Protein chains: 2
Amino acid sequence: MRRNRDGAPRASIKDVAERAGVSPQTVSRVANGYEHVRPEKREKVLAAMKELGYRPNRAARNLKSGRFRSIGFVTFNLSTFGNDRTLDAVAEASEKAGYTTTLLPLSNPAATDVAGAVGRLEEQAVDGIILIMSAEVGSLDELPVAAGLPVVIVDSDAHLPYTVVDSDQEQGARIAMQHLIDLGHRDIVHIAGPANSFSAQRRAETYRRIASEAGLVERPIRYGDWSAASGLAHGEQILREHPRPTAIFAGNDQMALGAMHAFHEHGLRIPGDFSVVGFDDAEGAATFWPALTTVHQNLDRVGHTAATLLLSLIEGEPDAHSRTLIPTRLVVRDSTGPASAVH
Amino acid sequence: MRRNRDGAPRASIKDVAERAGVSPQTVSRVANGYEHVRPEKREKVLAAMKELGYRPNRAARNLKSGRFRSIGFVTFNLSTFGNDRTLDAVAEASEKAGYTTTLLPLSNPAATDVAGAVGRLEEQAVDGIILIMSAEVGSLDELPVAAGLPVVIVDSDAHLPYTVVDSDQEQGARIAMQHLIDLGHRDIVHIAGPANSFSAQRRAETYRRIASEAGLVERPIRYGDWSAASGLAHGEQILREHPRPTAIFAGNDQMALGAMHAFHEHGLRIPGDFSVVGFDDAEGAATFWPALTTVHQNLDRVGHTAATLLLSLIEGEPDAHSRTLIPTRLVVRDSTGPASAVH
DNA sequence: CTGAAAGCGCTAACAC
DNA sequence: GTGTTAGCGCTTTCAG
């Protein structure tokens with residue numbers, strides 16, 4: 001009998017077979033819930049398993065089946081908003097399907113690193129990959145193809161020839177803008193996420209399109225980096241403009257928080273002087289001062305959908321390169337109000 | 001040559017051997033960077049590998065070595081504050097050591113579920129387990145022992161006979177309280193996290209001890225659930241007290257945010273009327289209104305330490321059941337100020 | 001320095 | 001119903 005590193009015996013199927021006085025095959029059948037085993041033998045085997053504390057060896061099963069029953073989750077940074085929740089949903093869905101979720105961190109979002117990661121990915125013990133791209137990182141195209149594994153991409157560029165799942169960024173930005181327009185705002189500034197972020201790009205484009213369609217005052221887009229600090233900096237600058245906009249559409253809640261902080265600092269009222277809309281509906285947004293109107297992303301569904309699609313690819317479904325957009329919804333709270341007549 | 005599910009050929013060590021005109025053994029040696037291989041053969045093998053796109057088969061290696069080169073990360077909820085960052089640090093550290101990180105979600109924090117999870121854990125393809133306990137969940141004692149794998153526990157009860165890593169909750173609560181006391185506050189109320197949370201318990205105990213040692217006004221502890229909404233509810237209630245406390249020590253930043261919201265709502269000033277201290281230094285805390293004084297947890301180090309310890313256990317280090325506490329630090333911002341003379 | 005043989009634990013295929 | 005045989009891909013002996 002083989003032993004663990006700590007010297008504890010580790011029973012194999014053979015040990016159980018000997019103990020129960022049957023063949024290894026019969027043990028295997030019992031272990032896998034096969035029907036046609038004589039009850040008395042089955043009992044003996046079960047007893048032997050219990051006595052020996054038998055656990056099937058995963059590595060052997062993997063080798064035999066050519067599968068790992070695990071899906072790889074690739075991302076640069078779990079702490080980026082939403083990634084943890086997406087991962088949570090992925091892990092839950094895959095667990096329900098009997099799969100584990102293996103984290104494959106890419107330490108550095110540089111193109112070279114991505115290339116290097118390709119090789120490592122192929123050696124990993126996973127049957128498919130969920131890739132959270134979130135930002136441009138060189139040749140994305142090479143990555144999944146080279147891996148020779150099914151891939152589902154989340155939060156990424158539209159035109160990729162892969163199965164893609166994402167929040168509907170365009171629809172989210174639209175309902176945010178429409179809300180402000182409905183309140184009478186004609187001069188809305190957009191604090192966008194970093195220019196290399198796909199979702200930031202999508203939201204900013206939509207801002208631009210809607211502002212133009214609705215004939216709003218033209219304002220250059222202000223690029224932040226998702227951080228509250230960058231929102232604060234832009235908030236300060238917005239205060240120095242003449243005339244001032246009457247509303248802010250921030251690319252995420254953190255930047256909205258920063259802008260609101262700047263306005264408070266200067267004694268301005270929200271939504272009296274400025275209406276503010278965020279994006280994400282992050283934890284605490286409902287309790288910001290004032291409670292933040294924002295676009296809620298259903299990341300549970302994003303993650304669940306990504307996992308479900310990947311699992312079906314793994315199970316042999318042909319890859320249709322589908323593109324699934326999960327709708328967002330506007331959560332109206334206290335940071336938005338009617339545009340004041342004169343500003 | 002075996003084929004992938006999608007029909008793509010998958011070269012084995014044997015295929016490479018044939019192609020290069022050597023034995024499988026030599027290929028293995030080259031693949032593992034063995035020294036004593038004639039350069040010309042090495043070249044041939046390398047070329048054959050490249051042509052065939054050879055990748056070692058992880059399952060076979062695992063079977064042979066009895067190791068998976070993966071560590072399991074067990075948690076109930078990734079979205080709980082800090083778990084994502086801890087996981088990030090764990091994944092990074094384990095990746096550097098050539099390990100992957102496998103997520104083993106426990107869908108339900110019930111004792112029965114934990115028991116059921118034990119069995120599944122033992123079959124997982126991991127060499128050790130990091131367990132984020134965070135709350136009481138029945139018989140924790142059984143879990144890791146039964147798994148027969150090295151275990152490191154994070155954020156848990158003190159007395160467990162395992163290797164434990166955690167932020168130093170007691171020290172964190174102490175510096176928060178000391179800060180308020182130094183500012184002259186004698187009447188401090190504590191909004192604690194849920195009673196079944198280990199870290200909430202530890203922070204609340206410390207609050208109680210320090211308040212008593214310093215002879216502060218006695219106040220019952222108010223229990224929230226970590227959410228901003230619960231902080232808001234307690235904030236409302238605190239406003240109705242006579243006399244009112246002059247300072248709030250909240251068990252986390254979200255509840256601090258909630259309390260501050262309540263105070264704003266009633267036109268009170270922070271820190272003029274109330275000083276507020278949080279815990280966590282969550283994203284955005286520096287940009288709350290006002291910027292929140294809080295206790296910063298070094299979760300990177302918590303995760304890194306947990307991973308490093310676990311890896312050394314996996315590599316054969318005897319388990320010393322050590323207990324590592326990572327110090328926190330106070331970040332003084334704008335939500336705390338001197339106690340006003342009369343309240 | 002290199003190859004041949006054996007076996008890790010499991011299960012599919014084939015006897016009986 | 002049950003056992004035997006063979007082999008997944010790799011690496012650790014052991015010969016040469």
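These numbers were taken from a predicted model, which means no experiment stands behind them.
One can place CZ of B/R38 at 5 Å from P of C/dT2, the figure rounded to the nearest angstrom. For the pair A/N57 CG and C/dT11 C1', the interatomic distance rounds to 13 Å; values are reported in whole Å. The interatomic distance linking B/N62 (CG) with D/dT11 (P) rounds to 11 Å, in whole Å. Between B/E43 atom CD and C/dT2 atom C1' there is a gap of 17 Å when expressed in whole angstrom units. The distance between atom CD of A/E18 and atom P of D/dT4, rounded to the nearest whole Å, is 12 Å. Straight-line distance from the CE atom of A/M49 to the C1' atom of C/dG9: 13 Å, rounded to whole Å. Across the protein-nucleic acid pair, A/R58 atom CZ and D/dG9 atom P stand 19 Å apart, rounded to whole Å. When the C1' atom of D/dG9 is taken as reference, atom CZ of A/F68 falls 11 Å away, rounded to whole Å.
A 4.5 Å side-chain heavy-atom check between B/V152 and B/V164 finds every atom pair outside the cut-off. Looking only at side-chain heavy atoms (C-beta outward), B/I71 and B/I129 stay at 4.5 Å or farther from each other.
No hydrogens or angles considered: a donor-acceptor pair under 3.5 Å links the side chains of B/S70 and B/T102. Side-chain contact of A/T26 with A/S23: a donor-acceptor pair under 3.5 Å is present, judged by distance alone. Looking only at atom types and distance, the side chain of B/N32 has a donor-acceptor partner in the side chain of B/R61 under 3.5 Å away.
In this structure, the separation between OG on A/S199 and CZ on A/F81 is 10.5 Å, given to the nearest 0.5 Å. Atom OG of B/S28 is separated from atom OH of B/Y34 by 9.5 Å, given to the nearest 0.5 angstrom.
Closest contact between the side chain of B/L63 and the listed nucleotides C/dT2, C/dG9, D/dT4 involves C/dG9. In this structure, the nucleotide among D/dT11, D/dG3, C/dG3 sitting nearest to the side chain of A/K41 is D/dG3. For A/A60, the listed nucleotide lying nearest its side chain is C/dG9; candidates were D/dT12, C/dG3, C/dG9. Listed candidates were C/dG3, C/dT11, D/dC10. Nearest to the side chain of B/Y54 is D/dC10.
Along DNA chain C, the nucleotide nearest A/S12 and the nucleotide nearest B/K64 are compared for position; the residue whose nucleotide lies closer to the 5' end is B/K64. Mapping A/H36 and A/P24 onto DNA chain D by nearest heavy atom places A/H36 closer to the 5' end of the strand.
Residue B/K14 places none of its side-chain N or O atoms closer than 4.0 Å to OP1 or OP2 of D/dG7. Using a 4.0 Å cut-off, some side-chain N or O of B/T26 falls inside it from OP1 or OP2 of C/dG3. The side chain of A/N32 places an N or O atom within less than 4.0 Å of a non-bridging phosphate oxygen (OP1 or OP2) of C/dT11. The shortest distance between the side-chain N/O atoms of A/Y34 and the OP1/OP2 oxygens of C/dA12 is not below 4.0 Å.
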Chi angles and distances behind the side chain to side chain donor-acceptor pair (under 3.5 Å) call for B/N83, B/T86: CA-CA 5 Å; B/N83 285 2; B/T86 305; 5.1 Å; no

Find every protein N or O atom lying less than 3.5 Å from an N or O atom of nucleotides 13-16 of chain C, and list the pairs.
none

